[in-house]
Amino acid sequence: MRVFNTLTRRKEDFVPRDAGRVSLYVCGPTVYNHIHIGNARTFLSFDVIRRYLTYRGFEVTFVQNVTDVDDKIINKANEEGRSAQEVAEEYTAAFIDAMHALDIADPTERPKATEAIPEMVAMIETLIEKGHAYAVDGDVYFSVRSFPEYGKLSGRDIDEMNAGARVEVDERKQDPLDFALWKSAKPGEPHWPSPWGEGRPGWHIECSAMSEDILGRTFDIHGGASDLIFPHHENELAQSEAALGVPFVRYWLHGGLLQVNAEKMSKSLGNFMLLRDVLGTYSAPVIRLFMLQTHYRSPLDFSTHRLDEATAAYERLENLVRNLRWVRSLAVCGAGVPGDARQALEIALERTRSKFDAEMDDDFNTAGALGAIFELAKAANSFLSEYQSDMCEDDRQVLLHAEELIVELLGVLGIEVEEADASEAQWPREVVALATELAGFEGDEPAEAVDKLLEARQIARAEKDWARADAVRDGLAGLGFTIEDTAQGPRVIYEPKG
RNA sequence: GGCGACGUGGCCAAGUGGCAAGGCAGGGGCCUGCAAAGCCCUUAUCCCCGGUUCGAAUCCGGGCGUCGCCUCCA
């Protein structure tokens, strides 16, 4: 397995610290608002990475923090006249709900910054003792000059940065690039005790403290979006290595940014869409398919047009799984498919898995992996198309394997292929009235009513009474049923509306 | 200005030295009462120029264009 490491700017063989185990840390959100679809992309990318590592047999410990103390949260609370804690709690819950709605698996641990204050204070004390940090009027700053390797992650040179005009000048800092480890609390702000007085942690220190606390030193993978490389991850790296004296992280993975009209989606640009709003129109599997068709490190342009395309692509997969199930479910046994044709499909199954694995082994190339799945879709569809009427037991067994493989591999990508047919228990009672009207149905069961309607339609079709046949189909369509005439007879699919 | 990434068919996108995956859309055909689903066929001088090589989308140099980071940001 090879991964692209931001630190070395190369793909490297992935060798975890402890054989068979992977420690993974991904920066979570600052909870002052609902997350937008760009945030979601990053979390989705690492969800897939986590799922794939698990599929590959690694025992993955996945930690994602929640930043629940921060200037933005305080500002939001002030605007709304409530406490920072209330704001943080509301959006933490909303964040977790949104993750679930996108089928993103829960991390092993989801630590909150406010619950790790003592660990942060301890790390800051260590940094001061080692001469990497200094306290001024209740604030503590990290001394960038004390860490000669500062800039190695983002490929920057301190002196060139100093020359730039954009670095904030603060009289109390020894160097303009020094950043806050601890901020003294202003009245009304959340605060915790520390050796430097009441205050709160700076942004970067939480990840350093919590990752070490849970994952230990020199853990395997630290992830986030590429806009975190500088300054956030550069600062984390500097703090942790200065404090611990060992490498902080083995592999730094950074995802590409979501864009809108070729511009970064961000809250400051105002061009963002909330994940929860997108989920109102598009399902989680469709959003996932849309995003995973592009490599996680590449920029990805967001548009509803692209989501509509992904919807069509997803339906192709749904239809395939549905068709495989349909053909397998048929009771009659045909003449049997020629052995070489069946064997060819079996070989295609093996190739699909090996190609999927090879693509994912190569820096989590989900686009290539999806290509492998779609190639299998074509092979399976061709097989169905050619031999649908000939199937017998051995053939159905291969179809079952094909279905299981597709569901399994899509599952590694977190793309759920739903049971297309809702259970009969959910069928609307209105079909009873429809059956009574169009087919003289006298019973009370929706399932029986549908059978009666299908029967009536078949009779009408046999009599070439197309108007009557179509009235049944249209009537059922109005209730959410789709009728498809297959070589083996009509099939009904129910998908609740809305 | 500094650092970095990218430019592949109508749209999107994988591919980093050996006949250019895949998705969407379009066209033609098959199946079909119609429809749905599906199958078959069909569309690429890989941004431009120069170089290395038996061979380049892929490596090197130059150019043009786009984006990101350098300030909070997933």
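Note on naming: letters A, B, ... go to the chains in the order of the sequence lines (proteins, then strands), and numbering restarts at 1 for each one.
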When you check the side-chain N and O atoms of A:Asn65 and A:Tyr25, is any donor under 3.5 Å from an acceptor? yes

Check whether A:Phe230 forms a cation-pi arrangement with A:Arg156 (NZ or CZ under 6.0 Å from the six-membered ring centre, at most 45° off the ring normal). yes

Taking donor-acceptor contacts at under 3.5 Å, does the side chain of A:Asn319 reach the base of B:G38? no

Between B:C6 and B:C39, how far is it from one C1' atom to the other, in whole Å? 37 Å

For B:A35, does the base pair up with any side-chain atom of A:Arg473 as donor and acceptor (N or O, under 3.5 Å, distance only)? yes

Can you tell me how far P in B:G65 sits from the matching atom in B:G18, rounded to whole Å? 32 Å

Answer with yes or no whether the side chains of A:Arg172 and A:Tyr141 bring together a donor and an acceptor at under 3.5 Å. yes

Which base, if any, makes a Watson-Crick or G-U wobble pair with B:C39, both distances under 3.5 Å? B:G29

With both distances under 3.5 Å as the test, what is the Watson-Crick or G-U wobble partner of B:C34? none

Test side chain to side chain contact (heavy atoms under 4.5 Å, CB included) applied to A:Leu320 and A:Ile406, A:Ile373, A:Leu376, the passing residue: A:Ile406

Mind checking the CD1-CD1 spacing from A:Ile483 to A:Ile493? Nearest 0.5 Å is all I need. 10.0 Å

Does B:G1 have a Watson-Crick or wobble mate here (both distances under 3.5 Å), and if so which one? B:C70

If pairing means Watson-Crick or G-U wobble with both distances under 3.5 Å, then the partner of B:C54 is B:G18

Considering every strand and a 4.0 Å limit on heavy-atom distances, what is the contact class for A:Asp470: base, sugar-phosphate, or nothing? base

Pick from A:Ser240, A:Pro111, A:Cys27: which one makes a side chain to side chain contact (heavy atoms under 4.5 Å, CB included) with A:Cys207? A:Cys27

When we call it a touch if two heavy atoms are under 4.0 Å apart, what does A:Ser382 touch: a base, just sugar-phosphate, or nothing? sugar-phosphate

Heavy atoms under 4.0 Å is the rule here; annotate nucleotides 2-18 of chain B 5' to 3' with B where the base is hit, S where only the sugar-phosphate is, and - elsewhere. BS-------BSSSS---

Look at all strands and tell whether A:Leu320 reaches a base, only sugar-phosphate, or nothing, counting heavy atoms closer than 4.0 Å. nothing

Give none if B:C6 has no partner; otherwise give the nucleotide forming a Watson-Crick or G-U wobble pair with it, both distances under 3.5 Å. B:G65

